[in-house]
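The chain is numbered in sequence order, starting from 1. This one's a predicted model, so the numbers in the text were calculated from it and none came from an experiment. Side-chain atoms are counted along with the backbone in the values below, which use heavy atoms only and exclude waters and symmetry mates.
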Amino acid sequence: QAQDDFFFTTYFPEGAALFRASALETLGGYDEMFFHQFESLDLAFKLFKGGWSILYCPSLISIELVVSGHLSRRPSPSNYYYLRNRLWLAWKYYTVPRALIYSIPRIAVAGVRSARFGWFRYFLTGVRDGIFAPAAIREQRRPLRPEEWTEHRRVEGTGVTWPDAA
């Protein structure tokens, strides 16, 4: 999509997001278990499953400070949260086959990066805590139904424009 177009999407940038209060009240807002990394994607899945749409609005602008260096190249607790929370998303929204297809390559890439850049301990704990998610995450397991995945892919792949969308 062009940078100046309004369009529907399946995720949102957290730096510049506005929500209908009724959507957050209905869905319970952010999951407090997602302390750092992927909390916006978790909320986006909740919005999608709840029947809400996410509209990209080019007139909302935010500026983010750029942190020097790549996160994957430095040992940091963020490496742990990044991997653990990705696996928690799979727990919550993906069927088992889809979760495996989603998770295995990401675990493999994180494993190589962790060995290369010295954060293997964060990798191991992230995998352990992601796979053996706490009951609070497992109880929220509501995988997207096939028709929801079809709609998700349609919106994500085409960037349905507004106001043309239904």
For residues [X] and [Y], report the shortest heavy-atom separation together with the two atoms involved.
X	Y	result
E148	P143	OE1-O, 4.2 Å
G118	P75	O-CG, 3.5 Å
L27	G50	CD2-CA, 4.1 Å

Are the side chain of [X] and the backbone of [Y] linked by a donor-acceptor contact shorter than 3.5 Å?
X	Y	result
Q140	A136	yes
W91	R141	no
R138	A133	yes
N85	Q37	yes

For the residue pair R84 and W88, would you count it as a cation-pi contact if the rule is NZ or CZ under 6.0 angstrom from the ring centre and within 45 degrees of the ring axis?
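Checked: cation-pi criterion met.
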Are R98 and Y102 in a cation-pi setup, meaning NZ or CZ lies under 6.0 angstrom from the ring centre and within 45 degrees of the ring axis?
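No, R98 does not sit over the ring of Y102.
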Got more than 12 heavy atoms from elsewhere within 6.0 Å of CD, E147?
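Yes - once you tally the heavy atoms of other residues, nucleotides and ligands closer than 6.0 Å, there are more than 12.
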Within a reach of under 6.0 Å around CZ of F132, are more than 12 heavy atoms found that belong to other residues, nucleotides or ligands?
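No, because the 6.0 Å sphere around CZ of F132 holds 12 heavy atoms or fewer from other groups.
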In the structure I gave you, are the side-chain heavy atoms of N79 and F117 within less than 4.5 Å of one another anywhere?
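No; the side chains remain at least 4.5 Å from each other.
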Quick one: [atom1] on [X] to [atom2] on [Y], what's the gap to the nearest 0.5 Å?
X	Y	atom1	atom2	value
L18	C57	CG	SG	8.0 Å
E151	T10	CD	OG1	10.5 Å
W149	Y93	CH2	OH	10.5 Å

[X]-[Y] co-clustered via ILVMFWY side chain contacts under 4.5 Å:
X	Y	answer
F6	F12	no
L47	L89	no
F19	F7	no
V112	W119	no
L41	L24	no

Does the pair D31 and K92 meet the rule for a salt bridge (charged side-chain N to carboxylate O under 4.0 Å, His left out), with working shown?
CA-CA 11 Å; D31 184 338; K92 291 174 74 168; 2.8 Å; yes
Verdict with supporting geometry, H36 and S78, side-chain contact (heavy atoms from CB on, under 4.5 Å)
CA-CA 7 Å; H36 176 59; S78 291; 2.9 Å; yes
Evaluate the side-chain contact (heavy atoms from CB on, under 4.5 Å) criterion for residues D129 and Y80: first the C-alpha distance (whole Å), next the side-chain angles of each, then the deciding distance (0.1 Å), finally the verdict.
CA-CA 9 Å; D129 294 350; Y80 162 79; 2.6 Å; yes
Would V155 and I54 count as a side-chain contact (heavy atoms from CB on, under 4.5 Å) if you check the C-alpha gap in whole Å, the side-chain angles of each, and the deciding distance to 0.1 Å?
CA-CA 10 Å; V155 171; I54 300 171; over 6 Å; no
Please lay out, stage by stage, how D42 and K46 fare under the test side-chain contact (heavy atoms from CB on, under 4.5 Å).
CA-CA 6 Å; D42 180 63; K46 285 169 66 172; 3.9 Å; yes
Can the ring centres of F120 and F123 be said to be less than 6.0 Å apart?
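Between F120 and F123, the centre distance is under 6.0 Å.
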Please verify the inter-ring angle class for Y82 with F38; under 30° counts as parallel, over 60° as perpendicular, anything in between as tilted.
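Answer is tilted, since the angle falls between 30° and 60°.
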